[in-house]
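Worth knowing before you read on, the calculation uses all heavy atoms, side chains too, and leaves out hydrogens, waters and symmetry mates. Order of listing sets the numbers, starting from 1, for every ligand and every atom in it.
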Amino acid sequence: MKDNIIEFIKDHYRTNEFIPLHEPRFDSREEELVLSTIQSTFVSSVGKYVDDFENGLRDYTHSNKAIAVVNGTGALYAALYHCGVEKNDIVITQALTFVATANAVNQLNAECAFVDVSKDTLGMCPNSLAEFLDSNAIIAEDNKCYLKNTGQQIKAVVPMHTFGHPVEIDKIADICDKWHLNLVEDAAESLGSYYKGRHTGTFGRYGAVSFNGNKIITTGGGGAILCRSEDDGVELKHLTTTAKQPHPYKFFHDKSGFNLRMPNLNAALGCAQLEKLTKFVLNKRQLAEQYEQLILNSPYSFVKEPRESHSNYWLNAIICEDIVQRDDFLEYTNRNGVMTRPVWELMIDLPMYKNCMANNLENSRWLAQRLVNLPSSVSVDIL
Ligand SMILES: *Cc1c(COP(=O)(O)O)cnc(C)c1O
């Protein structure tokens, strides 16, 4: 069976060379826009591509404003900062995620609390979130949410759409409303994914997207903040661009801002990539369907998009029966020229987050031992 999978992958990507997990695809359009940026000399913080890219993202996702920034971690950081997350506050996220989610919280000197994921979505489990709050939180007279035992304020909840598969974001949003918590979606992996017809990252106050080289589209490095409120968006754009008041030559900054703006050179690449996004999602969904058929008669099970969602299938994944079978699969495929990868270590098992609060993490632990990602780049021949 492992050989069937390897053969299928080599055939699909038409190569006998080592097949990476995810690589970007460019054609002459990327060259054209990047070259025109270089020739114009506007490679840095001034130029039209940042505006074009932001408007394109806003229209694609139907959010009210999109802000292009230097990376996805920066997008999460700025969004949480604008929600008022500060020293000693608590931010609830899922234990099974890429480390950037927790790092953004830590960089604000706030603390993570980890809840479990659901086996159906691989993302934050609404029941686990509700249970954590019911047992540990109170809403005080000031109408704010606090941890009962330490008195720390809980400011935000950050669910992550794992591998592009949407979490049950409407249930999570209801819980956040009930407990007066800000909802910030880590949509770094889910550009092009929808839940009940609505784009991921647009349910919360903010959604953070990433355009790192391994994501569905790339700007080299980059990220974006999707904003539900245009007013929030205008403030946050100001904050991420050194809080400079517009003026032809004077420098007046009205608060301590950040320099998180995406350079025009990267945005040019992003504009060319965004034109291809719809085609990329379609191609990835076709590959997922083929993987699903192939895995059908195997000891592994294929991770399918959750109910009522339309996933971008950024990274395809299978679930092995146990950790022994997983390690055997990883070893065999990587040795035979096909890159496969286990999922991330749980955040609570990393040294810097081991003392954080956590709920029962049964599903996270179960998945962490069994999940394997398969090569998921867009086909070479669709451009
Ligand atoms: C890629 C990613 C990010 C952001 O990564 P950057 O490299 O900073 O753009 C954040 N969260 C998750 C879950 C990611 O996969």
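- Of all atoms in ligand 1, listed by their number and element, those nearer than 4.0 Å to a heavy atom of Ala100 are 3 (C), 10 (C).
- Using a 4.0 Å heavy-atom cutoff, Gly222 is listed among the residues neighbouring ligand 1.
- Of the candidates Met160, Lys215, His161, Gln94, Lys215 brings a heavy atom nearest to atom 14 (C) of ligand 1.
- Near Ala188, meaning under 4.0 Å from one of its heavy atoms, ligand 1 places the atoms 2 (C), 3 (C), 10 (C), 11 (N), 12 (C), 14 (C).
- Atom NZ of Lys304 sits about 13.0 Å away from atom CG of Asn316, to the nearest 0.5 Å.
- Contact annotation: for Thr73 versus ligand 1, heavy atoms closer than 4.0 Å belong to both the backbone and the side chain.
- The backbone N or O of Leu371 lies less than 3.5 Å from no partner atom in the side chain of Arg326, so there is not a single donor-acceptor pair.
- Protein heavy atom closest to atom 11 (N) of ligand 1, with residue, atom name and distance, is Asp186 OD2, 2.8 Å.
- Cation-pi contact between Lys48 and Phe42: absent, since separation from the ring centre below 6.0 Å together with deviation from the ring axis within 45° is not met.
- A salt bridge does not link Arg365 with Asp116: none of the charged nitrogens is closer than 4.0 Å to a carboxylate oxygen.
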Legend entry - Residues Asp170, Lys196; criterion salt bridge (Lys or Arg N to Asp or Glu O under 4.0 Å); working and verdict: CA-CA 9 Å; Asp170 50 353; Lys196 296 187 177 172; 2.6 Å; yes
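- Annotation: Glu189 places an N or O atom under 3.5 Å from an N or O atom of ligand 1; distance criterion only.
- For the residues Ala104, Ser210, Gly164, the heavy atom positioned nearest atom 5 (O) of ligand 1 is part of Ser210.
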Inset, instruction - List the steps and the verdict of salt bridge (Lys or Arg N to Asp or Glu O under 4.0 Å) for Arg29 and Glu32. - result: CA-CA 5 Å; Arg29 183 67 175 154; Glu32 183 193 332; 3.0 Å; yes
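- An N or O contact shorter than 3.5 Å links Gly72 to ligand 1 by distance.
- Remark: aromatic rings of His165 and Tyr313 are close, center separation under 6.0 Å.
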